[in-house]
Asks: 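Pasting a structure below so you can have a look.
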Amino acid sequence: MTVPYSFAHNAFAAALQSSYDHLADGEESGDTVMVAGRLMLLRRQGKLAFATMRDSSGEIQLFALDAVTSDFEEFTKLHLGDWVGVGGEVVRTKRGELSVKVATWVTLAAAQRNFGDKWAGISDFDLRYRHREADLWANPMSRTTLKRRNDVMRAVRERCWAAGFMEVETPILNAIASGSDARPFATHHNALDTDFFLRIAPELWLKRLVVGGFERVFEIGRVFRNEGVSPRHNPEFTMLEIYAAYWNYEDMMVFTEELTAGVAMDVLGTTEIEYQGRPFSFAAPWPRRTMAELASEAVGTDVSVHTPREQLAGMLEERGVEVHRAWGAGRCLAELFEATCETSLWNPIFVTDFPVEISPLARRHQGDPELVERFESYAVGRELSNGFSELVDPLDQRARFEDQARLAAEGEPETMHIDEDYIKALEWGLPPTAGLGLGIDRLAMLVADESNIREVIAFPTLKPVVD
RNA sequence: GCGCCGGUAGCUCAAUUGGCAGAGCAUUUGACUCUUAAUCAACAGGUUCCGGGUUCAAGUCCCGGCCGGCGCACCA
């Protein structure tokens, strides 16, 4: 059988359903359309046959009659999952189902595999993730979720553009993987005979564009971290990073909450949702609390980055956290916060004023040089975004990188490497700038009410099956 | 990486204390001129994830491996 190379398609299911809403039961419109899609159900009744066809917009019934339909017998032998193109009149059956009365039809692709149980679909995770194409046909929720992700991406882009940000693209192959603390994937360029690392963040490149005079830039792109896989972590994930010259971290917090709540409004029409059965509100403004305040409340005594390191370490050990010898008071405070507060932060909140020790790219706090002007937003017990007033001083930047190198020497596996090119870039002058990194997948999880990151990624990372 | 749970027909799932491996849907064949997961009848469909072991007998018990889900760790 030869399948055609094209089909003169001129109507979609959803548009037909709405534009022929007025058609009465048993009424024939007199209008002929060409529709195409996939057979989801097929019911033969002697000299009649009814099929449910789905296209990207929705579903419509195909009504075939021996007296009207060409090759009627062949039509009744079509399989669930076959793609068909159909020409016929728009009618409503006596039982009230809007249909295309099939006059001519052609097979556009024969399905040689089925799409699972027509009622239960496909539920096996392995099959769903390895063969998303089958999952998408079999499971309406999978289509809805990935569509939501697309809606989120569009809303984020449109809001960034509307705020005057320019979308840019920066290298994925890097001689040094920097901009975050994470282990990178390594690869090799043959012609250059050079090892490269896949980016773990686009941060340093974006700030170099600000140095170059693009005052507002953003990038939505894949980043790669060679770390554990979990329901909330995929080795490659999508990050939004934005940088605005002349802003500080408070300005960026305002932008972050407005962007996030705005995306929820754009996609869902509301900021008030249920996430995993529990009420959740995107509505701005979000509370702002310092890390030290939250940690102090949680442990019942005042702690801060100035609390003696040994005292903080003792509190961590009481809570079963193993304290690395390279950790200073700042890192200990952050660990204490994560151990006691992080998972209880349900509605969005900004946690602010991080220790300088764990923030090598952020600018020192105007009120306390041991802190930086940094925030992380948390929602449903997870980190959603991270931003700060950017460190603009090349001398301080070099000192921070050197501190990181010292930590590495003491056995800390995930530290930032010194990036001479970046320091050189800062020497040309980075104006006061605030930056933000936001996990698009995690935002999509919230909007789509999904608890596993794999549901919002079309093809999540899986271990290959070897025979 | 560690722990717990799971893997049976193309899909969704059963299988009692270890005792002949089953159903629905899909596929194949037939009936049926308004169906809606159509209905009815019939046929066919299996390396029970893989490899060992215990036993008269293993889907079931034991050991190892593979893949997945969840939790922990790492992290966003």
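Scope of the values below: all heavy atoms of this structure, side chains included, with no hydrogens, waters or symmetry mates.
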Asks: Is A/G26 touching bases, backbone alone, or none of the nucleic acid, heavy atoms closer than 4.0 Å?
Replies: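 A/G26: no heavy atom of the nucleic acid under 4.0 Å.
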Asks: Give the minimum heavy-atom separation between A/L136 and A/R54, together with the two atoms involved.
Replies: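 Minimum heavy-atom contact is O-NH2, 4.1 Å.
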Asks: So what does A/F237 hit on the nucleic acid, given a heavy-atom distance under 4.0 Å: a base, only sugar-phosphate, or nothing?
Replies: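 Base, at least one base heavy atom under 4.0 Å.
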Asks: Check the phosphate of B/G71 against A/R232, side-chain N and O only, distance under 4.0 Å to OP1 or OP2. Yes or no?
Replies: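 A/R232 to B/G71 OP1/OP2: side-chain N or O found under 4.0 Å.
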Asks: Suppose we call a contact any N or O donor and acceptor under 3.5 Å apart; does that hold for the side chain of A/D126 and the base of B/G69?
Replies: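 Result: no qualifying N/O pair found.
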Asks: So, is A/R43 near the phosphate of B/C34, with a side-chain N or O under 4.0 Å from OP1 or OP2?
Replies: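 For A/R43, the contact criterion (side-chain N or O under 4.0 Å from OP1 or OP2 of B/C34) is not met.
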Asks: Answer with base, sugar-phosphate or nothing: what part of the nucleic acid does A/K94 contact at a heavy-atom distance below 4.0 Å?
Replies: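 Here A/K94 touches the bases of the nucleic acid.
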Asks: Considering heavy-atom distances to RNA chain B, does A/R44 or A/S180 have its closest nucleotide positioned more toward the 5' end?
Replies: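 The 5'-side residue here is A/R44.
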Asks: At 4.0 Å (heavy atoms only), tell me whether A/N234 reaches a base, stays on the sugar-phosphate, or touches nothing.
Replies: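 Base contact.
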Asks: Indicate, with a heavy-atom threshold strictly under 4.0 Å, whether A/R454 touches base, sugar-phosphate, or nothing.
Replies: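 Sugar-phosphate, no base atom in range.
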Asks: Heavy atoms only, 4.0 Å cut-off, all strands: where does A/G46 land among base, sugar-phosphate and nothing?
Replies: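 Base contact.
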Asks: State, without any angle test, whether A/S377 and A/S385 hold a side-chain donor-acceptor pair at a distance under 3.5 Å.
Replies: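 Checked: A/S377/A/S385 side chains pair up, N/O donor to acceptor below 3.5 Å.
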Asks: With a 4.0 Å cut-off on heavy atoms, is A/E376 in touch with a base, just the backbone sugar-phosphate, or nothing at all?
Replies: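 The answer is nothing, as A/E376 stays clear of every strand by at least 4.0 Å.
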Asks: Do we see a donor-acceptor contact under 3.5 Å between the side chains of A/S123 and A/R128?
Replies: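 No, no side-chain donor-acceptor contact under 3.5 Å.
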Asks: Mind calculating the distance between CG (A/N139) and C1' (B/U12) to the nearest angstrom?
Replies: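 That distance rounds to 11 Å.
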Asks: Select base, sugar-phosphate, or nothing to describe what A/R92 touches, counting heavy atoms under 4.0 Å on all strands.
Replies: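 A/R92: no heavy atom of the nucleic acid under 4.0 Å.
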Asks: Assign A/L41 to base, sugar-phosphate, or nothing according to its heavy-atom contacts below 4.0 angstrom with the strands shown.
Replies: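 Sugar-phosphate contact only - A/L41 comes under 4.0 Å of backbone atoms but never of a base.
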Asks: Let me know, please, whether A/E97 or A/H79 comes out on the 5' side of the other along RNA chain B by nearest nucleotide.
Replies: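 Looking at the nearest nucleotide for each, A/H79 comes out on the 5' side.
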Asks: So, A/T145 versus A/E450: side-chain donor-acceptor pair below 3.5 Å or not?
Replies: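 Result is yes, a qualifying pair exists.
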